[in-house]
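Below, read A as the first sequence line, B as the second, and so on, with proteins coming before strands; counting in each chain starts at 1. As the structure is a prediction and not an experimental result, all values here were calculated from the model. These numbers come from the heavy atoms of this one structure, side chains and all, not from hydrogens, waters or symmetry mates.
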2 protein chains.
Amino acid sequence: MLELLSRVNVQVNDNIYLKNPESSELGRKIIAGSIDLIDSIGFECFTFRKLGQEINSTEASIYRYFENKHKLLLYLTSWYWGWLEYRLVFQTANIGSPVERLEKAITTLTEQVEDDNSFTHINKVKLYHILIAESSKAYLTKSVDAENQEGFFAGYKKLVDRVSAIILEINPTYKYPHMLVSTVIEGAHHQRYFAEHLPRLTDSIEGEDSITEFYKNVVLNAVKTQ
Amino acid sequence: MLELLSRVNVQVNDNIYLKNPESSELGRKIIAGSIDLIDSIGFECFTFRKLGQEINSTEASIYRYFENKHKLLLYLTSWYWGWLEYRLVFQTANIGSPVERLEKAITTLTEQVEDDNSFTHINKVKLYHILIAESSKAYLTKSVDAENQEGFFAGYKKLVDRVSAIILEINPTYKYPHMLVSTVIEGAHHQRYFAEHLPRLTDSIEGEDSITEFYKNVVLNAVKTQ
DNA sequence: TGATTGTTGATAGTATTACTATTATATTTG
DNA sequence: CAAATATAATAGTAATACTATCAACAATCA
């Protein structure tokens, strides 16, 4: 099943890029290289010049694929949301009980991404690390409204909607399904970041997966009552 | 009481700045001006050159107060956590019931900051707006560990600890008080941002304060059960 | 086959950013 | 009044975030 998943090609809004990076060898090197480089030096220090050196190409060539590094970050995060939604659909298929389905969904949304041995150019573990540390920078900008209009955040919204629908199945009168789901997704990222860098803001012990347990607990209690 | 609060001077770790901006007229203009400017053009577009023009001073003069714009953002966020903690202490004083105290605390942490008529150089409404859109950029950097060592995030941690203590008063066996509190603080910022820019990720209606209601509900249910 | 088109690499150039350094002048303090 | 300090003005540098041009090569189409 994981192999099957790895071959699925995730769709990304085609106004995010100038030229589809999936369409060429150089394009795939740009994606693979940017995941490595952003993960290692951080988004602020990352430049197209450095990426060019890393992948033995040039700044100008990379600019033919992406207008700027912000668009590249949008691409990576969009790709991730698409991939996550695909995984979610797969992992919650054939579960009759909506409560169990919700539990499984929370696990998918909050669990640590492990190496999936898929051997594509996209390193999921590093990409997840980028999502944790950089993804909010993709929408915390002055261009968010224009980019939202163009549909750049559609994948994220779709994912949130999908899990919200399970919540409404369990409790059709629950007032805040979207808030709950987006709180869980963003919260899990923050908690993983805090566990690594600011441990006094969390109670998570490295190794143990208390983050998933915590959010399952929060969601089920919130949905059941009220 | 609000007047009293406005006169309190909030303490900020003095390694964040080169020269205390509270110590001079120019320093206060730097703070006031940066709040206006970051709120209006966003942290990415904000530069010390533009700030100099805004306050009729120069780039070089501002550099005598802050090493770089990142340190200035750290200053603003630290100041805000200090101010919020002060408000929290004030507003939860003399409430006997810990459940009521927790409810009041969640309100303080999540409610929209309104104009407090304090007439200081710090515009609280704009500062809150900056916290919502920019505060996570203060710690989502490669320098986070070094800066954490220096105590730059102490104010945030202290605030989280203080509310966690109330939770433990209610339920001494609750395993995740810090996670719960940091989830609420960060979550409330995200939800306010989403309500304005990405409404499909939230269920918040402008005007109504569903965000505070939502988090109160989540916290009380999580703390009571388990 | 030969002309056209598209892709990449190489190089260069510009405006802006993120600073640092120097000096003159004004203000405060001792 | 002298000394120290704060600020403004100016200039300069290295890096960043691009844009433009052109040559080399491959693919393709007529």
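Taking 4.0 Å as the cutoff to heavy atoms of chain B, we find the contact window on DNA chain D bounded by D:dA6 to D:dT10.
Within a heavy-atom distance below 4.0 Å of DNA chain D, the residues of residues 30-50 of chain A found are A:T47, A:R49, A:K50. Heavy-atom distances under 4.0 Å link DNA chain D to B:K19, B:S24, B:L26 of residues 12-28 of chain B, given in residue order. Shown for residues 139-148 of chain B: no residue has heavy atoms falling under 4.0 angstrom of DNA chain D.
With sequence neighbours excluded, the residues that form a side chain to side chain contact (heavy atoms under 4.5 Å, CB included) with B:H197 are A:V144, A:D145, B:Y193. A search for ring-ring contact (aromatic ring centres under 6.0 Å, His included) contacts involving B:F152 returns nothing, not counting sequence neighbours. When the side chain to side chain contact (heavy atoms under 4.5 Å, CB included) test is applied to A:I41, the partners found at least two apart in sequence or on another chain are A:L37, A:C45, A:F46, A:K50. Considering only residues two or more places apart in sequence or on other chains, B:Y215 meets the ring-ring contact (aromatic ring centres under 6.0 Å, His included) condition with none of them. Residues forming a ring-ring contact (aromatic ring centres under 6.0 Å, His included) with B:F48 (at least two apart in sequence, or on another chain): B:Y63. Partners of A:H129 according to the ring-ring contact (aromatic ring centres under 6.0 Å, His included) rule, which considers only residues two or more places apart in sequence or in another chain, do not exist here.
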Tabulate protein N/O versus nucleotide N/O from nucleotides 21-26 of chain C, keeping only pairs under 3.5 Å, one per line.
none

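Listed by first and then second residue, the salt bridge (charged side-chain N to carboxylate O under 4.0 Å, His left out) pairs involving residues 17-26 of chain B are B:E25-B:R28 (not counting sequence neighbours).
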